[in-house]
K.L.:
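Here it is, the structure, as structure tokens.
Here the structure is a predicted model, which is why all the values come from computation and not from measurement. Letters A, B, ... are given to chains in the order of the sequence lines, protein chains preceding strands, and every chain is numbered from 1.
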Amino acid sequence: MEQANEPLWVVVGATASGKTELAIELCERHNGEIISADSVQVYRYFDIGSGKPSGADLARAPQHLIDVIEPSEPMDAARFADLAEVAIAEIRARGKRPIVCGGTFLWVRALIHGLVPAPPADPQLRARHQARALEVGRAGLHQDLARVDAEAAQRLAPNDFVRVSRALEVFELTGVRMSEWQAAHGFKRVRHVARLLGVQREKADLDQRILARCQGMLRAGWVAEAEQLLARGFGSTRPFAAVGYKQVALALQAGKAPNLAELELLIYRATRIFARRQRTWLRDQPIEWLPPGSTKL
RNA sequence: GUCCGGGUAGCUCAGUCGGUAGAGCAGUGGAUUGAAAAUCCACGUGUCGUCAGUUCAAUUCUGACCCUGGACA
């Protein structure tokens, strides 16, 4: 049984690096259960393209926070942290060890350090920002932000609509500047002492695995899955913006049967770019890097 | 075979009224505080198809040739 103050194990790594396999092995050896930190696998129905664990995987180790959200339901890093908090407590209450595993690193950070105590997204405000940006351009919206929060505006690129809108939203909702919240917060608080375990892999090796995974998913019927999801009206939900689903939706939109070879290439490239961003995120973190297949722990 | 396009960055193409060229995508690096598989930032020398001609100067104009798409035979 896990000691009360033992660190929370967190398995990280790029997409297709083999995080899940490592996490499952750790579960088997250390009486653990997995908490998935994955911003696509949380959604129901988006199965093939998000790489959800197989039945065999689930038989080896329970996984939480997969299939817990409807595609149209609002979901964000803070909500993930809350859900994960509950799951961790439950797992520990059962005398087992929670092991967080996933590639959505903002969510992991939110769990470990918490976020600025600002309110969640306000769809009306965001819609207004969209309209405003259409009218005066993204640079115009950025100027709006500069008028109320010069510091935040200075840090953000005028084109970074998502963050500009959020900073504006936070001020409009609370009267407090985003830059003030962030300065006060600074990810200083530690909600969980974490032990970060990373799956180390050569880039060429990872690229190969990414390609193989894309091919496998397409062969497993990804296009048909996406077609059904579109038919059910999920076309404009969050997970359809995810790597791969976006490309498949685009190909289907084009009308005729998608060119699978071309689609495979597009998804492979988008996934590599994603993996690169993940690498950047993890770069300077205090991670214990383990070679794939390591059984050290 | 004839006629008309086109051959410029890894790919798709723009452009230079003659002064050796630039976008998108790809690639590489970076940022990341309730959209994060999202969003954004930075980085661009390449025999401008080949050979010759005109010119101070040709990727740009002219000619021939090669390749390629279409139309006509």
K.L.:
Taking atom C1' of B:G27 as reference, at what distance in whole Å does atom CZ of A:R269 sit?
P.N.:
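Atom-to-atom, A:R269 to B:G27, this comes out as 10 Å.
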
K.L.:
NA contact type, A:R189, heavy-atom cut-off 4.0 Å: base, sugar-phosphate, or nothing?
P.N.:
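It contacts nothing in the nucleic acid.
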
K.L.:
Would you indicate which nucleotide in B:U33, B:A38, B:A36 comes nearest to any side-chain atom of A:V243?
P.N.:
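Ranking B:U33, B:A38, B:A36 by closest atom to the A:V243 side chain puts B:A38 first.
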
K.L.:
For the residue pair A:E73 and A:Y43, establish whether any side-chain heavy-atom pair is separated by less than 4.5 Å.
P.N.:
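Result no, sub-4.5 Å side-chain heavy-atom pair not found.
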
K.L.:
What's A:I273 touching, base or sugar-phosphate or nothing? Going by heavy atoms closer than 4.0 Å.
P.N.:
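Contact class for A:I273: sugar-phosphate only.
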
K.L.:
For the side chain of A:R272, counting heavy atoms from C-beta on, which of B:A38, B:U28, B:A31 is nearest?
P.N.:
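Nearest to the side-chain atoms of A:R272, counting from C-beta on, is B:U28.
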
K.L.:
Would you mind classifying the nucleic acid contact of A:G49 as base, sugar-phosphate or nothing, using non-hydrogen atoms under 4.0 angstrom?
P.N.:
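If one applies the 4.0 Å heavy-atom cut-off, A:G49 turns out to touch a base.
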
K.L.:
Where the side chain of A:F161 is defined as all heavy atoms beyond and including C-beta, which of B:C40, B:G34, B:A35 is the nearest nucleotide?
P.N.:
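The answer is B:A35, which lies nearest to the side chain.
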
K.L.:
Could you tell me whether B:G27 is syn or anti, where syn means a glycosidic angle within 90 degrees of zero?
P.N.:
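For B:G27, whose glycosidic angle is more than 90° from 0, the conformation is anti.
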
K.L.:
Can you identify which nucleotide, out of B:U33, B:A37, B:A35, has its nearest atom closest to the A:V162 side chain?
P.N.:
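Taking heavy atoms from C-beta onward, the closest nucleotide is B:A35.
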
K.L.:
Please state how far atom CZ in A:R276 lies from atom P in B:U28, giving the value in whole angstrom units.
P.N.:
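Roughly 5 Å, once rounded to whole Å.
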
K.L.:
Remember a base hit wins even if backbone is also touched, and classify A:A270 as base, sugar-phosphate or nothing at under 4.0 Å, heavy atoms.
P.N.:
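Counting heavy atoms under 4.0 Å across all strands, no contact is made by A:A270.
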
K.L.:
B:G69 and B:A57: how far apart are their P atoms, nearest whole angstrom?
P.N.:
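Result for the P pair: 37 Å, nearest Å.
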
K.L.:
Would you mind telling me which of B:A35, B:A31, B:A38 lies closest to the side-chain atoms of A:A121?
P.N.:
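Per side-chain heavy atoms of A:A121, the pick is B:A35.
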
K.L.:
Using side-chain heavy atoms (C-beta onward) and a distance below 4.5 Å, is A:I99 in contact with A:L197?
P.N.:
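Of all side-chain heavy-atom pairs linking A:L197 with A:I99, none is under 4.5 Å.
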
K.L.:
When you measure from the side-chain N and O atoms of A:T280 to the phosphate of B:G30, is any distance below 4.0 Å, counting only OP1 and OP2?
P.N.:
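A:T280 to B:G30 OP1/OP2: side-chain N or O found under 4.0 Å.
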
K.L.:
With the side chain counted from C-beta on, respond yes when A:Q143 and A:V136 share a heavy-atom pair under 4.5 Å apart, and no when they do not.
P.N.:
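With C-beta onward as the side chain, the pair stays apart.
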
K.L.:
Would you please confirm or rule out a distance under 4.0 Å between OP1 or OP2 of B:A35 and any side-chain N or O of A:R126?
P.N.:
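Answer is yes, contact under 4.0 Å.
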
K.L.:
Can you confirm whether A:T15 sits close enough to A:T271 that some side-chain heavy atom of one is under 4.5 Å from a side-chain heavy atom of the other?
P.N.:
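Touching, per the 4.5 Å side-chain cut-off.
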
K.L.:
Could you tell me how far apart A:L145 (CG) and B:U33 (P) are, to the nearest whole angstrom?
P.N.:
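Nearest whole value for this atom pair: 13 Å.
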
K.L.:
With rounding to the closest Å, how many angstrom separate the P atoms on B:C61 and B:G18?
P.N.:
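About 8 Å, rounded to a whole number of Å.
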
K.L.:
Have A:Q247 and A:Y268 got a donor and an acceptor in their side chains that come within less than 3.5 Å?
P.N.:
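Side chains of A:Q247 and A:Y268: no pair found under 3.5 Å.
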
K.L.:
Just checking A:G186: base, sugar-phosphate only, or nothing, at a heavy-atom cut-off of under 4.0 Å?
P.N.:
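Base contact.
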
K.L.:
Using 4.0 Å as the upper bound for N to carboxylate O, is an ion pair formed by A:D144 and A:R147?
P.N.:
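Here A:R147 pairs with A:D144 in a salt bridge, since their nearest N and O are under 4.0 Å apart.
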
K.L.:
If the cut-off is 4.0 Å, is A:K188 near the phosphate of B:U33, judged by side-chain N/O to OP1 or OP2?
P.N.:
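No.
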
K.L.:
Please state how far atom CH2 in A:W107 lies from atom C1' in B:U33, giving the value in whole angstrom units.
P.N.:
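Going from CH2 in A:W107 over to C1' in B:U33 covers 15 Å.
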
K.L.:
Under 4.0 Å: is that the gap between some side-chain N or O of A:R155 and OP1 or OP2 of B:U33?
P.N.:
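True: A:R155 side-chain N/O within range (under 4.0 Å) of B:U33 OP1/OP2.
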
K.L.:
Which value, in whole Å, describes the distance between the C1' atoms of nucleotides B:G53 and B:U60?
P.N.:
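Their C1' atoms lie roughly 15 Å apart.
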
K.L.:
In whole angstroms, how far is the C1' atom of B:C41 from the CG atom of A:N159?
P.N.:
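The answer, rounded to whole Å, is 9 Å.
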
K.L.:
Provide, to the nearest angstrom, the distance between the CG atom belonging to A:D38 and the P atom belonging to B:A36.
P.N.:
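These atoms are roughly 11 Å apart.
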
K.L.:
Taking the C1' atom of each, how far is B:G10 from B:G27, in whole Å?
P.N.:
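9 Å, rounded to whole Å.
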
K.L.:
Is any NZ, NE, NH1 or NH2 atom of the basic residue among A:E21 and A:R60 found under 4.0 Å from an Asp or Glu carboxylate oxygen of the other?
P.N.:
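A salt bridge links A:E21 with A:R60.
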
K.L.:
Answer yes or no: is there a side-chain heavy-atom contact under 4.5 Å between A:L218 and A:V223?
P.N.:
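Yes. Closest side-chain heavy atoms under 4.5 Å.
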
K.L.:
With RNA chain B as reference, determine whether A:V170 or A:R277 sits nearer its 5' end, using the nearest nucleotide of each.
P.N.:
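The residue mapped nearer the 5' terminus is A:V170.
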
K.L.:
For the C1' atoms, the ones on B:A42 and on B:U32, what distance do you get once it is rounded to whole angstrom?
P.N.:
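Pairwise C1' distance, B:A42 against B:U32, rounds to 15 Å.
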
K.L.:
What's A:S50 touching, base or sugar-phosphate or nothing? Going by heavy atoms closer than 4.0 Å.
P.N.:
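Result for A:S50 = base.
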
K.L.:
Taking only side-chain N and O atoms of A:R238, does any of them lie within less than 4.0 angstrom of OP1 or OP2 on B:A36?
P.N.:
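So the side chain of A:R238 is within the cut-off, an N or O lying under 4.0 Å from OP1 or OP2 of B:A36.
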
K.L.:
Answer yes or no: side-chain N or O of A:R163 and base N or O of B:A36 forming a donor-acceptor pair under 3.5 Å.
P.N.:
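Looking at the base of B:A36, it does pair with a donor or acceptor on the side chain of A:R163 (distance under 3.5 Å).
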
K.L.:
Is there a donor and acceptor pair closer than 3.5 Å between the side chain of A:R166 and the base of B:A35?
P.N.:
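Answer no: no donor N or O sits under 3.5 Å from an acceptor.
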
K.L.:
When rounded to the nearest Å, what value does the distance between P atoms of B:G15 and B:U8 take?
P.N.:
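These two P atoms come out 14 Å apart once rounded.
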
K.L.:
It should be established whether A:S39 places a side-chain nitrogen or oxygen under 4.0 Å from OP1 or OP2 of nucleotide B:A36.
P.N.:
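Negative; the distance criterion is not met.
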
K.L.:
In whole angstroms, how far is the P atom of B:A38 from the CD atom of A:E169?
P.N.:
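Taking atom P of B:A38 as the reference, CD of A:E169 is at 20 Å.
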
K.L.:
Taking atom P of B:U39 as reference, at what distance in whole Å does atom CD of A:Q130 sit?
P.N.:
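Nearest whole value for this atom pair: 11 Å.
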
K.L.:
Whether the side chain of A:D76 and the base of B:A36 hold a donor-acceptor pair under 3.5 Å is what I'd like checked.
P.N.:
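Result: no qualifying N/O pair found.
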
K.L.:
If you assign A:L115 and A:A241 each to the RNA chain B nucleotide with the nearest heavy atom, which residue ends up on the more 5' nucleotide?
P.N.:
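Nearest nucleotide further toward 5': that of A:L115.
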
